[in-house]
Every structure is written in structure tokens, then in C-alpha cells.
Amino acid sequence: MSDLDLVEVAEGFECYTPATGNPVLTEAKLIYAEIFGRNTYLSGLAPIDPKGLVVDAGANIGLFTLFIKHHYPEASVLAVEPIPHNVEALRANLRHHDVSGVTVHPTGLSDAPGTTEFYFFPSMPGNSTAHLAEKLKDKQTVATYANPTIAEQLYRNEAVRVSTTPLSDLLPPNVEIDLIKMDIEGSEEAALAGIEDQDWKRIKQLAIEVHETRSTLDKILKTLTDRGFAARAQTPEEAPKGIDNRIVYATRP
């Protein structure tokens with residue numbers, strides 16, 4: 001497994017990360033600012049049940065899970081993350097912050113059980129993906145902010161074989177799901193297809209990061225509206241220029 005570094009991402013807040021060799025930034029600081037500073041995933045939603053169930057799909061090193069447990073200590077969280085290095089950091093952060101009520105599922109999400117090749121980015125673990133060719137399209141954009149040598153370093157990657165699981169196989173029975181947060185770097189359509197009909201009825205809200213040019217935003221919006229949600233897409237605050245991300249917020253009308 002990877003070596004973990006304990007880094008201070010804000011005054012009084014430390015977390016473990018497997019990130020190494022990033023010459024430009026500390027990725028965990030950006031993720032912390034996105035979640036704790038700008039409240040990106042919850043800002044477009046209705047308040048959640050303080051004792052409800054939250055699914056953190058694409059949990060990475062666990063910062064959104066920690067955010068939920070900080071604000072809603074009695075909430076339960078299912079943290080789903082396929083990359084072993086990130087899972088190691090996620091578990092370390094739960095211990096470091098003395099957090100309970102979190103179930104960690106070390107798997108990717110898809111429409112069927114199986115295994116698939118994921119790609120771990122040591123300098124940017126949050127960018128790890130099953131869709132390498134699509135992710136590498138961002139390298140040219142990043143090269144406009146830094147030189148090509150740095151871009152190459154940031155986007156170096158290593159393949160890892162991981163399991164995939166339909167989300168419905170992970171959900172506890174007979175419980176409402178207050179929120180599904182999904183940030184899974186290009187696998188959104190397959191993950192939504194892994195939710196069975198009877199489970200859609202239990203879901204109150206979703207917040208999904210979508211790369212519009214690669215994941216067909218219209219299809220995801222249609223899937224959500226067909227399931228009875230009011231869904232809208234919004235450009236995240238401080239999104240890097242040239243990287244076409246959207247946050248889709250879906251709520252029951």
C-alpha cells in the first residue's frame with residue numbers, strides 16, 4: 001500500500017492523503033475548500049435529515065464524509081471508493097478524526113458486479129478514474145496553466161484492477177436515502193443504471209459531478225427527471241477554465 005502524508009489543509013484541520021510529487025498544489029486543500037468552504041454538494045439541495053443516510057460515492061480520502069459527520073454527527077454514511085490507496089487514506093482519516101457511523105465499501109460502482117481497470121493518479125488521487133483516455137484530455141488544458149513537463153507529472157498514472165458493484169447491492173433495505181453524492185470521474189451513467197427501480201423510490205436527493213463533454217449531461221438529467229426528480233446542472237464555483245464540469249442537483253418536487 002501507499003505511504004500516507006498527514007497534511008494541514010486548513011487551520012486546525014489535518015487529513016491523510018496518498019498524494020505524492022505534485023509540484024503545483026496540495027490537492028486535499030482544493031477538495032477541502034470545495035466541500036467545507038464552498039459547500040459545493042449541499043448548496044443546491046434541501047436540508048438533509050440530521051439522522052439520515054448519506055451515500056458518498058467517490059469518497060476519495062473521505063473529506064465529504066468528514067463534512068457530513070461534522071455537521072450531522074448522527075447521520076450514517078456509506079463511503080464508496082474503488083482506489084486502494086484512497087481507501088487506505090479514507091480509513092486513516094476516519095480514525096484520525098474519531099468518526100463512527102461510516103461504512104466503507106472498497107469498490108467501484110457500475111450496472112453489474114465485476115472487475116475493471118481503474119487508473120490511479122499519484123499526484124492527484126481525486127482524479128483517479130476508469131476512463132483514462134477521457135481524463136487525459138484535461139492534460140492539455142492543465143499545460144496552459146503549467147509547463148508540459150509539470151502536466152506530464154500531474155497526469156502520470158498506474159493501472160489497478162478493482163471490483164465493481166451495483167449501488168443497490170450496497171444499500172441497506174427499508175431505509176430512506178437522504179442524499180447520494182456522486183463524484184466518480186466519468187462512471188456516472190453506469191452507476192445510476194446500477195440502482196434498481198424499487199430503490200429509486202427511496203432516494204430523496206442527489207448531487208452528481210458530471211463532465212459534460214464526456215458523460216452526456218443530457219442523458220443523466222433525463223434519467224433523473226424520468227425518475228421523478230427536478231434536476232438542474234450548475235457550473236461549480238472556481239471551476240478551472242477549460243475543464244467543463246457541472247454539478248447536477250436533483251430533488252423531489
Side-chain angles (χ1 to χ4, degrees), residues 41 53-60 62 64-65 76-88 90-91 102-121 125-137 157-229 231 233 245-248 250:
Y41 296 109
L53 173 64
V54 174
V55 176
D56 183 2
N60 190 22
F64 182 72
T65 290
S76 299
V77 180
L78 299 185
V80 186
E81 171 57 43
I83 303 297
H85 300 305
N86 292 344
V87 172
E88 184 184 10
L90 165 60
R91 294 188 191 276
V102 177
T103 302
V104 177
H105 292 286
T107 185
L109 294 179
S110 191
D111 56 352
T115 61
T116 193
E117 201 99 295
F118 274 71
Y119 298 88
F120 172 63
F121 289 71
N127 274 352
S128 300
T129 180
H131 303 271
L132 181 62
E134 298 298 329
K135 178 60 66 175
L136 291 180
K137 291 177 182 177
N157 60 84
E158 54 194 58
V160 56
R161 195 83 183 169
V162 304
S163 66
T164 57
T165 310
L167 182 53
S168 280
D169 289 358
L170 306 178
L171 299 175
N174 306 316
V175 177
E176 286 194 329
I177 298 101
D178 272 80
L179 170 64
I180 294 176
K181 166 264 180 185
M182 189 176 289
D183 185 349
I184 55 176
E185 303 300 326
S187 296
E188 300 84 17
E189 288 183 67
L192 294 177
I195 303 174
E196 296 180 2
D197 289 346
Q198 65 270 23
D199 293 326
W200 276 106
K201 300 172 184 177
R202 300 195 279 144
I203 300 168
K204 294 181 180 179
Q205 302 187 100
L206 302 97
I208 306 173
E209 183 180 87
V210 178
H211 295 270
E212 184 179 13
T213 58
R214 51 191 81 158
S215 287
T216 316
L217 180 62
D218 288 346
K219 288 184 179 179
I220 290 175
L221 290 171
K222 186 176 187 306
T223 294
L224 296 170
T225 55
D226 286 349
R227 294 292 183 175
F229 291 91
N245 292 356
R246 298 287 189 275
I247 301 293
V248 171

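It should be emphasised that the depicted structure is a prediction, and the values quoted were computed from it without experimental measurement. The first residue in the sequence is number 1, and the count goes up from there.
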Colleague: For Glu189 and Ile220, what are the C-alpha separation, side-chain angles and deciding distance, and is it a side chain to side chain contact (heavy atoms under 4.5 Å, CB included)?
Modeller: CA-CA 7 Å; Glu189 288 183 67; Ile220 290 175; 3.9 Å; yes
Colleague: If you define the side chain from C-beta out and look only at heavy atoms, does anything of Ile177 sit under 4.5 Å from Leu78?
Modeller: no
Colleague: Does any N or O in the side chain of Glu81 come within less than 3.5 Å of the main-chain N or O of Ile83, such that one atom is a donor and the other an acceptor?
Modeller: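 Yes, the answer is positive, given that a donor and an acceptor are paired below the 3.5 Å cut-off.
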Colleague: Looking at Ser168 and Glu196, would you say the former's side chain and the latter's main chain have a donor-acceptor pair under 3.5 Å?
Modeller: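 Checking the backbone N and O of Glu196 against the side chain of Ser168, a donor-acceptor pair under 3.5 Å is found.
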Colleague: Check whether any side-chain heavy atom of Leu217 lies under 4.5 Å from a side-chain heavy atom of Lys219, and answer yes or no.
Modeller: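 In short, these two side chains do not touch, never coming nearer than 4.5 Å.
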Colleague: Using atom types as modelled and distance alone, determine if a side-chain donor or acceptor of Lys181 lies under 3.5 Å from a backbone N or O of Glu209.
Modeller: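 Checked: no pair found.
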Colleague: With side chains defined as the heavy atoms from C-beta onward, is the minimum distance between Ile208 and Arg246 less than 4.5 Å?
Modeller: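 Side-chain contact under 4.5 Å: no.
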Colleague: Rounded at 0.5 Å granularity, tell me how far CG in Leu109 sits from CE in Met182.
Modeller: 6.0 Å
Colleague: Give a yes-or-no answer on whether the side chains of Ser110 and Thr164 include a donor-acceptor pair shorter than 3.5 Å.
Modeller: no
Colleague: Does any non-hydrogen side-chain atom of Arg91 lie less than 4.5 Å from one of Val104?
Modeller: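 They are in side-chain contact.
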Colleague: Does a side-chain heavy-atom distance below 4.5 Å link Val210 with Leu221?
Modeller: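 No - every pair of side-chain heavy atoms lies 4.5 Å or more apart.
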Colleague: Mind checking whether Val102 and Asp56 have side chains closer than 4.5 Å, heavy atoms only?
Modeller: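 They are not in contact (no side-chain heavy atoms under 4.5 Å apart), so the answer is no.
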Colleague: Strictly distance-based, threshold 3.5 Å: is any side-chain N or O of Glu88 a donor or acceptor partner for the main-chain N or O of Asn86?
Modeller: no
Colleague: Between Asn157 and Tyr119 (side chain of the first, backbone of the second, donor and acceptor by atom type, cut-off under 3.5 Å), is there such a pair?
Modeller: no
Colleague: Would Asp199 and Leu167 count as a side chain to side chain contact (heavy atoms under 4.5 Å, CB included) if you check the C-alpha gap in whole Å, the side-chain angles of each, and the deciding distance to 0.1 Å?
Modeller: CA-CA 9 Å; Asp199 293 326; Leu167 182 53; over 6 Å; no
Colleague: If you apply the rule side chain to side chain contact (heavy atoms under 4.5 Å, CB included), what do you find for Val55 with Leu170, and how did you get there?
Modeller: CA-CA 10 Å; Val55 176; Leu170 306 178; over 6 Å; no
Colleague: May I ask you to test the Arg202-Leu171 pair for a side-chain heavy-atom distance under 4.5 Å?
Modeller: yes
Colleague: Of all heavy-atom pairs between Phe118 and Pro82, which one has the smallest distance, and what is that distance?
Modeller: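 Nearest heavy atoms, Phe118 then Pro82: CE2-CG, 3.6 Å.
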Colleague: Quick one, Val80 and Thr107 - any side-chain contact, counting heavy atoms below 4.5 Å?
Modeller: yes
Colleague: Apply the test side chain to side chain contact (heavy atoms under 4.5 Å, CB included) to residues Ser128 and Glu185: give CA-CA distance (whole Å), side-chain angles for both, the deciding distance (0.1 Å), then the verdict.
Modeller: CA-CA 7 Å; Ser128 300; Glu185 303 300 326; over 6 Å; no
Colleague: In terms of relative ring orientation, are Phe229 and Trp200 parallel, tilted or perpendicular, with 30° and 60° separating the classes?
Modeller: perpendicular
Colleague: Ignoring hydrogens, what is the shortest heavy-atom contact between Glu176 and Lys204? Give both atom names and the distance.
Modeller: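 Shortest heavy-atom contact: OE1-CE, 2.9 Å.
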